[in-house]
Amino acid sequence: EADIYQTPRYLVIGTGKKITLECSQTMGHDKMYWYQQDPGMELHLIHYSYGVNSTEKGDLSSESTVSRIRTEHFPLTLESARPSHTSQYLCASSADGRNTEAFFGQGTRLTVV
Amino acid sequence: GENVEQHPSTLSVQEGDSAVIKCTYSDSASNYFPWYKQELGKRPQLIIDIRSNVGEKKDQRIAVTLNKTAKHFSLHITETQPEDSAVYFCAASIGTGGFKTIFGAGTRLFVKA
């Protein structure tokens, strides 16, 4: 079944550690996004990609980085996690073309202690 | 800058009553207006959308209206049920692909049985 997958679902990690949040989609979408969301609160766009080798920063400043080496894969990396990074991270994708809906992954809930 | 304001932030209704959520947007170039529903602990999912060449769209108990002149759009839920309880996000999108998608802050809807 075509979907968008995020791993891990939950992660508790110590300050200063490097982490990578995985996102993969089997929907054949060119466009992918990362949003940061505290539970039930606003969605903040932190990164997006038009396609392979394309990455852009979103509206909310973030210390994370992303890469897009394959169409289906859009990982997000934090080089040195801090407690302020504690949040939920949602990956999404959308089809090419004019004004199409975004499909979201289940999210990764990150806690930095 | 671009902005989407959403009201109210919290809405409590009795089962069977109607619920209305209102959004205004700032960029007159916006031409796609999706609404997402996010249940507790789950991912946001599209429930209805409207494009700028349409004034109203209905899908069973859900309807959306758009007033381009006033830059205002609304979500209407009739005959509310407890399973309608969730956070609802409006969004406004510009151009192709939905990259310039700006989300509202969300409305937490409680439907009391």
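Lettering follows sequence order; numbering is per chain, from 1. Note that these values count all heavy atoms, side chains included, but never hydrogens, waters or copies made by symmetry.
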Next on the checklist: Strictly distance-based, threshold 3.5 Å: is any side-chain N or O of B/Gln45 a donor or acceptor partner for the main-chain N or O of B/Lys37?
Outcome noted: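 The answer is no, because no donor-acceptor pair under 3.5 Å joins these two groups.
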
**Prompt:** Based on non-hydrogen pairs under 4.5 Å, which of A/His29, A/His44, A/Glu56, A/Met41 is most in contact with chain B?
**Reply:**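 Among the listed options, the one with the most contacts to chain B is A/Met41.
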
| For chain B, the option from A/Pro39, A/Ala92, A/Gly40 that forms the most heavy-atom pairs under 4.5 Å |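 Looking at each option in turn, the highest pair count goes to A/Gly40.
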
(message) Filter on side chain to side chain donor-acceptor pair (under 3.5 Å), then keep only pairs touching residues 3-15 of chain A, sequence neighbours left out; what's left?
(response)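 Applying side chain to side chain donor-acceptor pair (under 3.5 Å) to every pair that reaches into residues 3-15 of chain A, excluding sequence neighbours, yields A/Asp3-B/Arg43.
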
Which donor-acceptor pairs under 3.5 Å do side chains of residues 104-113 of chain A form with protein atoms, sequence neighbours excluded?
residue, atom, partner, partner atom, Å
A/Thr108, OG1, A/Pro8, O, 2.5

Heavy-atom contacts under 4.5 Å, residues 73-90 of chain A to chain B:
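The list, in residue order, reads A/Gln88, A/Leu90.
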
Given a strict heavy-atom distance threshold of 4.5 Å, which part of B/Pro34 is in contact with chain A: side chain, backbone, both, or neither?
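For B/Pro34, neither part sits under 4.5 Å from chain A.
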
*asked:* Show the nearest heavy-atom pair for residues B/Ile48 and B/Val64, with the distance to one decimal.
replied: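 Looks like CD1-CG1, 3.9 Å.
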
A/Val52: which other cluster members, linking ILVMFWY side chains closer than 4.5 Å, directly or transitively?
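Via sub-4.5 Å side-chain contacts, A/Val52 links to none.
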
| request: Fit a plane to each ring of B/Phe33 and B/Tyr25, take the angle between them on a 0 to 90° scale, and name the class: parallel (under 30°), tilted (30 to 60°) or perpendicular (over 60°). | output: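 B/Phe33 and B/Tyr25: tilted rings.
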
Exercise for review: Would you check if B/His72 and B/Lys22 make a side-chain contact, meaning some heavy-atom pair closer than 4.5 Å?
Suggested key: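 Of all side-chain heavy-atom pairs linking B/Lys22 with B/His72, at least one is under 4.5 Å.
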
